[in-house]
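Within every chain, numbering begins at 1; the chains are lettered A, B, ... in the order of the sequence lines, protein sequences first and strands thereafter.
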Amino acid sequence: MGLTEQGAPARSGIATTRLDYALDMIHRHGINWARKHSLWPMPFATACCGIEFMAVAASRYDLARFGAEACRFSPRQSDLMIVAGRVVMKMLPVLQRIYTQMCEPKWVISMGACASTGGVFDTYAVVQGIDQFVPVDVYLPGCPPRPETILEGLMAIQRIVREEGVRSSSERGHGLQMVIEPPPGVEMGPGFGERSLGDRASNPVL
Amino acid sequence: MAVAEAIAALQERFPELGLAPQPLVRYADGRDSGQLWVRVPADRLLEVARFARDDERCRFEQLCDLTCVDYLNYPDAADRFGVVYSLLSLSQRHRLWLKVFVNDPEPVVPSVTRIWKGAEWPEREVFDLFGIRFEGHPDLRRILCPEGIEDHPLRKDYPLRGRGEREAFVPIDRETA
Ligand code: SF4
C-alpha cells in the first residue's frame, strides 16, 4: 500500500496494486478521474434507440468498462439521462419532470436522430428535438447510433466530467461546446461541426 | 362462411334500407377479397347492430374494430366521413363490415356501446382523432391527444406538422415542477 516516492504504485500483490493504481490516478488526475468512471445512467428509452442502448449495456459492448453499468430506472438514483427514442407531446412533461427529479450534477445525452431533431417523424405529435425543453450535453447521430457511437458519447460525457467536475447543469450550460471528431480517414458531409449548440445564457428557453 | 346468410337475414328484416353487400377490397384482376360491407344509415344503426348481434343467422357477438375514414378529396366520394364497424361472429365463423357515412359540420353517430361494450374506447379514439360525436356514449373524452388540443389530427384538412402544438410547451424547471 501507499505510493512510492515517484508516485508509481508499489508492486506488492494484486489487490494492493490495483488500489494503488487508483490512488495514483487520483493523485495524478484529480478526483474527477474517479467521478468520470462512476456515471449512473438512466435510460429514458421510448423507442428503437432504447433497444440499441440495451445492446451497449449488455456484455458485448459492455458499458461496465466505463464504469457506467449501473442503469437505474429511478431518476433520483442516477446522474446521466440518456434519452433514447422519440418524445411525443404527451411524454414531454414526463421527460421534463424526470429531468428535474435527478440530483445535480447531472448530464443528458440525446441519443439518435429522433431525440435530437424529431428524425423522420416530422408530425404534429413528435417533439422536434428535446433540446428545446431540457439542456442536452451530448448529441449522438444515427438511426439508431451504432454502439461505438454511444460509447463515444459516453466518453464525451466523461471528458465533460473531467474538465468540469461536479458543476451543476445550470452553471454549466450545454456541454462544453465539444464536437466529436470523426475518426481518421472518415469524411463528414457538408455542414459538419459548423453549428454551435448555444448555451443557457443565449437561449432564453433553458 | 355463411356471411351470405347473415346478409340475407339483414335484408329480410330491413328491406327498406336496400342493404347491398360490396367487397371491401377489389384487386386489379377483378377478383375481390371476399370480405363484404354494407352501408347503414346513421339513424338506423342501432336497430341494425342489435339485430346483427342477436339474430340466429347473424350472431355477430364481437365488434373487432371501430374506426373511421376521412374521404375528403377522395375521388367519387359523396360523403366526408365513413365510420367502419368490423363485426365477427365466433359461433357462425363469418365477418361483416358496416359503414355509416356522416358529414360536416356536425358528424354524429349513435354509440353502439350498449350493444358491444368494447366499443367504448374505439369510439373515444374516433372522437379524438376525427371529431365524430357518438350520441349516448357514457364517457366521450379524448383518449390519445393531450388535454388542451382543440383539433382532430387525423382529419385530412389538419396539417401534418400540426398547428404549433408540439412547440407550445412551457419548459418545466425546479420551480414549476
Ligand atoms: S433515431 Fe432511429 S432508431 Fe432511434 S428512435 Fe428514432 S427511428 Fe428509432
Practice prompt. Name the region of B/L144, side chain, backbone, both or neither, that has any atom closer than 4.5 Å to a heavy atom of chain A.
Written response: backbone
Would you say [X] has more than 12 foreign heavy atoms packed within less than 6.0 Å of its [atom1]?
| X | atom1 | result |
| --- | --- | --- |
| B/R161 | CZ | no |
| A/R65 | CZ | yes |
| B/D76 | CG | no |
| B/R163 | CZ | yes |

Worksheet entry | Pairing residues for A/Y124 by the ring pair (Phe, Tyr, Trp, His ring centres under 6.0 Å) criterion, not counting sequence neighbours |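 Counting only residues at least two positions away or on another chain, A/Y124 forms a ring pair (Phe, Tyr, Trp, His ring centres under 6.0 Å) with B/Y158.
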Worksheet item: Residues in ring pair (Phe, Tyr, Trp, His ring centres under 6.0 Å) with B/F60, at least two apart?
Response: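 In terms of ring pair (Phe, Tyr, Trp, His ring centres under 6.0 Å), with neighbours along the sequence ignored, B/F60 is linked to B/H94.
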Fill in: Best-contacting candidate, B/C145, B/P159, B/G162, B/P146, against chain A by heavy atom pairs under 4.5 angstrom
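Looking at each of B/C145, B/P159, B/G162, B/P146 in turn, B/P146 comes out on top.
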Practice prompt. Pull out the residues in residues 68-95 of chain A that come under 4.5 Å of chain B, heavy atom to heavy atom, sorted by number.
Written response: A/M89, A/K90, A/L92, A/P93
Worksheet item: Can you list every pair that meets salt bridge (charged side-chain N to carboxylate O under 4.0 Å, His left out) and has a residue in residues 79-89 of chain B, with sequence neighbours left out?
Response: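 Output for this query lists B/R39-B/D79, B/D70-B/R80, B/R80-B/D104, B/R80-B/D157.
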